[in-house]
Structure formats: structure tokens, C-alpha cells
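Heads up, the thing below is written out as C-alpha cells.
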Amino acid sequence: MKATYIEYSETNSFSKTLLAYLAHDEALKPFVGNWPTWAGFEKQVIEKKTFAHRKILVERLKKQYAELLKDSPAVAANIELLLDQNSYTITTGHQLNIFTGPLYFIFKIMTAIRLSEDLQAKHPDKNFIPVYWMATEDHDFEEINHTKVFGKKIGWDTPAVSATGRMDTATIVDAVKQYTNILGLSENSAKLTRVVEEAYLKHDRLADATRYMVNELFKSYGLVIIDADDRELKNLFKPIIKEDILTEKSFKAIEARSEELEANGFSTQVHAREINFFYLTDEFRERLVLAADGRYEVLHQNIYFTRAELEQEIERYPERFSPNVVMRPMYQEIILPNLAYIGGGAEMVYWMQLKSNFDQYHIDFPILIPRNSAMITEDNVAAKLFRVDLTFKSIFRPAEVLKKEYVRRHTKERLNLNDEWMELNAIFGKIKLRTHKIDPSLGPSTEAVKARLKKAINNLEKKLMKAEKRNHQHALTDIDNVKEKLFPGGGLQERSENFALLYVKYGDSLFRDLYKYFNPLDFKFTILY
């Protein structure tokens, strides 16, 4: 593959807040830690507190991987390195989308891998380990129970139960068949089929299936996968679980910081609650709230705790208390020696809302790194794009704009009536002057006639354009086809399409090319062709 790069600001696909962050807008400084630069990482390493939980982290990772480590030497080596005080993690996280979900799932992980390698080259005396945090405690099953392969939606039709990581994969067989049937017959499709079937048909829990599949795809890069739905890891988080539920500290801090962010003209993504924890069992994950009678209630379950009972429950069963979206990041930073978090644009924004909460708990805040964003296209699509005089930069503009510009460039006729309107405008100036001499009150009537005529002229221009478009229909159809191929459903390819057919075509070289061409701290949109 070859690569070309486009500034994020030229794609019209990224938020004002994200662009301001990448420009190091000082208005955002109170909401972030060190800036995402090499100098920022040097400061982050110096400022990073000593991580005290290395032994238990390594023990739990080995337990979670079990037999997988035998065939994953690079992963096993990285897990051992976590015992070293000079080892740090570079983390990305995502839900357990079946079959990895949209392409950006792959891009997130490869950004973490490439950034870890780049940091290793700059700091050879330290170790930087890429980590994928499986969002196993998330319970929004509708967001993860489907994927799209070449526009075809493949779904897992089963009732949601508790946290998605704990869901039984017994009913996913039909979805696996649909997915693998699309892959066709080739060496690469056979390899991917083996991985998918082994992952989902031979592992009982979705968390285990996801770990297997992601490990098979990325084990050669040493990616470490963590499942934080773990009693021993939750035990490290226990003091904050207890304090935060009983004092509502995070709610107050996050709400205040969110208001400040909005006051500075930036959007927010999440809203903190008074209690930001769910009560989690194998059967359900429900919000914990403070009821009117002073007891703590698990919604929809008829479960109540007095304050003393709740403290005792946290002490005995920390694994039953599941952080929501605003407390999960803090849990992450407590159980990992982490320097940076890699996420999408919306994730960057909600992390900014959390900075003051980290500060009040004296927890290190990571450097926020937007994941690499990319588009992958085939030679015939690129050729068609160039054939209709488009560039990879221009293709981000609306299709109708591109088609009008193409027609204007290639027509032999003049399709606008600007000169004619200037003449008519001059005539109306004379008419207005004459009517004013006769009766000044006729001015509005003259303007109304002029407005109607201007509207008619504009409509005539549209008809001229429409008529001329018919003379260039083949090229305009090519523009539509290119847009739909690169922006399926009108959105970025990475946000809807699965990696499957790209893997079938390119095999493991797909990942090698992503690794080669991603430059995590350049913050440019990557187009591979």
C-alpha cells in the first residue's frame, strides 16, 4: 500500500473541541494534563508516581490469559516487563463488539502499538507496553451485537444479560456462520474463519472470545489485553468505590468542570450522577442510587442497603460495584502504570470533563491521544477518483458540490446568469427610482418583484446545471460510486465497515501497513491505497 495524509481540519469530520486540543488551545489547559507531544511524554514519565500494584497486575493478567500465553511469546514477555518499575502502559479501550466491530477498533489498537514502539525508540532505557482494555462491564448490548461487512449487517440476536463480558456465547453460532460465509475461499479467509470459530464457538463468555480473537490478530505486536471485571483488581479500587459512593465527590467535581468547559465554548459528552456505580451480578447490572428514605437502592431489583450495610458489601464484594463511564477511567489509571489513553474524538472530550476528579483523588491524569483515523481504498477506486479530477482531499466534500464543480470545469457553456442578473439589477435600480418619484410607497412593491425575479433566475440556473449534468452522467455516477465506497452510508468508512474483507484481501500485511503508516503524534488523517 501507499499512503497520503490530510490535516484533520480539512476533513470536516472532527469536532471543534478536538481540533482546539490538537492546536494546544490554552483555554483547554485546565481540562487536560500534559500536551500530546514528545516533550509532553518526557514530562509525563518524570511526573508519574511510583506504581505499587505491579505484582498483582501481572498475576491477574497471567490468570486471565491462562493457556494463551504459550503461543504468545511477545505478550508473555510484555506482561513480565510490567514488574519493572521502568515499564509503562499505553492504553486504549473499547466495547466487546462482535468480530471486532467497525474498523476504528483496529485503528485504536494499532495506534497504541505504534505509539508504544515510537516511545521505546526515544526512551530505550524504559519499556512501553500497548494495552487493550476490554470494556467487559459495559451492558449496552445493542451497541456491540452487530457488525457490517461490505454493507451487510450481521447481528447476534439474543437477550442482553448483565455485563456483556459475562454473556454466554452459546447463541452466537448463526452470526458466526453469516460472518464466515461472506469471507469467501482463500488462504486469508480460511485463516480468519479459523480465528473467529475458535474465538466464539470454543469460548463460553464473550470476554474470553474477544480476548482470543484480538490476541490472535495482535499477539505478534505484544499487545496486552486486560479484563478489569476481576475481584482482585477491583480490590485495589475499593477505597475510592467506598468514598465516592458515600460522599458523591466525583459528581460535584465533574459537574463543575463540565460547566467550565461549556462556558469556554466547548461541548461536553457525559453527565455525572450523584452515584457513578452500578451493582453487578451475573444476572444484572443496575444503577445504585440513594433512596428518599436514606437507604441505598439497586434500581429495579428491590435490593436496599443501609450505609453500614453498603460499606460492608463493598468491603466483602468489591467486584459487585461496577464503575460507569465517568469512573471507569479512574479505575483504569489505578490498576495500570499508564502514561496515555488513546480514544476517539468523543472520548477525548469526556476525559476532559474528568480532570478535576483525578486531581481531587490525587490520581495521575494520562496524556490524551486521539486514535489514528484512516481510510483504506482499492486501486480501482483510487483510479476512478483521479479520473473524475478529484483528490483524496476534495473527496471529503459533499457529493453534490463535487458534481457541480465537475460540470463547471468540463462544460462548454456558461451555466451561471450572473452577468444577466447584473443587467437586470441595474434596470431595477432605474425602475425603483422612477416609482419613487411617482409614489414613494411603491418601493416595497418594486423590491418584491425584484425578489421574485431573482428567485426565478436562481431556479433557471439550477435547471441549466441539471440539464448539463445529463451530458456528464457517467462521470457523475463515478463520483457517487466513489463517495459511497469511501463513505458508506454517508459516514467515514472506519465508523461502519468491519475489517474482514480488507483482511481477506491483504492478510496480515493489512496490520503491517497500518503499523508502518500510522504516526500517532502527527495527528493527520491517513489514506491508504
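Numbers for residues simply follow the sequence, beginning at 1. Side-chain atoms are counted along with the backbone in the values below, which use heavy atoms only and exclude waters and symmetry mates.
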Item checked: Whether F41 and W38 hold their rings parallel, tilted or perpendicular, with breakpoints at 30° and 60° -> tilted
Check: Does any donor atom in the side chain of N127 or S87 lie under 3.5 Å from an acceptor atom in the other side chain?
Finding: yes
Note to self: Using ring centroids (six-membered ring only for Trp), state whether F321 and F237 fall under 6.0 Å.
What the structure shows: no
Notebook entry, point to check: With sequence neighbours excluded, what pairs up with F523 under the ring-ring contact (aromatic ring centres under 6.0 Å, His included) test?
Noted result: none
Checklist line | Residues which pass ring-ring contact (aromatic ring centres under 6.0 Å, His included) with F392, listed by chain and number, not counting sequence neighbours | finding: F386, Y529
Margin query: Hydrogens and angles aside, do E347 and Y341 bring a side-chain donor and acceptor to less than 3.5 Å of each other?
Written below: yes
Note to self: Looking at every non-hydrogen atom in both residues, tell me the closest pair between R60 and E232 and how far apart they are.
What the structure shows: CD-CB, 3.6 Å
Next item on the list: Quick one: do F284 and H300 satisfy ring-ring contact (aromatic ring centres under 6.0 Å, His included)? Show the steps, please.
Entry: CA-CA 10 Å; F284 62 84; H300 311 124; 10.0 Å; no
Next item on the list: Determine the minimum heavy-atom distance between R54 and L82, stating which atoms define it.
Entry: NH1-O, 2.7 Å
Item checked: Proximity of W133 and Y331 rings by center, below 6.0 Å -> yes
Margin query: List the residues meeting salt bridge (Lys or Arg N to Asp or Glu O under 4.0 Å) with K49, not counting sequence neighbours, and say none if there are none.
Written below: D364
Item checked: Flag, side chain of R257 to backbone of M352, donor-acceptor distance under 3.5 Å -> no
Checklist line | Test side-chain hydrogen bond (donor to acceptor under 3.5 Å, both in side chains) applied to T147 - qualifying residues, sequence neighbours left out | finding: N498
Margin query: Once rounded to the nearest 0.5 Å, what's the spacing between atom CD1 of I172 and atom CD1 of I98?
Written below: 5.0 Å
Margin query: Could you tell me if Q95 and E143 have a donor-acceptor pair between their side chains, going purely by distance under 3.5 Å?
Written below: yes
Check: Got a salt bridge between K238 and E315, using NZ or NE/NH1/NH2 to carboxylate O under 4.0 Å?
Finding: yes
Margin query: Can you list everything that forms a ring-ring contact (aromatic ring centres under 6.0 Å, His included) with H146? Sequence neighbours excluded, please.
Written below: none
Next item on the list: For the residue pair F525 and F396, categorise the inter-ring angle as parallel (less than 30°), tilted (30 to 60°) or perpendicular (more than 60°).
Entry: perpendicular
Next item on the list: Under the ring-ring contact (aromatic ring centres under 6.0 Å, His included) rule, collect the residues that match up with Y200, sequence neighbours excluded.
Entry: F99
Next item on the list: Hey, can you tell me if H94 and F105 have their rings parallel, tilted or perpendicular (30° and 60° cut-offs)?
Entry: perpendicular
Check: When you check the side-chain N and O atoms of D244 and Y361, is any donor under 3.5 Å from an acceptor?
Finding: yes
Item checked: Parallel, tilted or perpendicular, as decided by the 30° and 60° cut-offs, for the rings of F305 and Y279 -> tilted
Margin query: Could you check whether H139 and F141 have their ring centres less than 6.0 Å apart?
Written below: no
Notebook entry, point to check: What residues form a side-chain hydrogen bond (donor to acceptor under 3.5 Å, both in side chains) with K483, not counting sequence neighbours?
Noted result: none
Next item on the list: Take S322 and R285 through the side chain to side chain donor-acceptor pair (under 3.5 Å) test and state the conclusion after the steps.
Entry: CA-CA 8 Å; S322 177; R285 182 179 187 247; 2.9 Å; yes
Next item on the list: Over 60° means perpendicular and under 30° means parallel, so classify the ring planes of F511 and F499, tilted if in between.
Entry: tilted
Next item on the list: Output all residues satisfying salt bridge (Lys or Arg N to Asp or Glu O under 4.0 Å) with E117, sequence neighbours left out; order by chain, then residue number.
Entry: none
Next item on the list: List in chain and number order the residues that pass side-chain hydrogen bond (donor to acceptor under 3.5 Å, both in side chains) with R328, two or more places apart in sequence or in another chain; answer none if no residue qualifies.
Entry: Q332
Note to self: Can you list everything that forms a salt bridge (Lys or Arg N to Asp or Glu O under 4.0 Å) with K122? Sequence neighbours excluded, please.
What the structure shows: none
Check: So, W351 versus F31, ring centres under 6.0 angstrom or not?
Finding: no
Next item on the list: List for me each residue that meets side-chain hydrogen bond (donor to acceptor under 3.5 Å, both in side chains) alongside N264, sequence neighbours excluded, and say none if there are none.
Entry: none
Notebook entry, point to check: Salt bridge between E274 and K252, side-chain N to carboxylate O under 4.0 Å?
Noted result: no
Next item on the list: First locate atom OG of S394, then atom CD1 of I479, and finally report the distance between them rounded to the nearest 0.5 Å.
Entry: 9.0 Å
Notebook entry, point to check: Listed by chain and number, what are the salt bridge (Lys or Arg N to Asp or Glu O under 4.0 Å) partners of E447, not counting sequence neighbours?
Noted result: K432
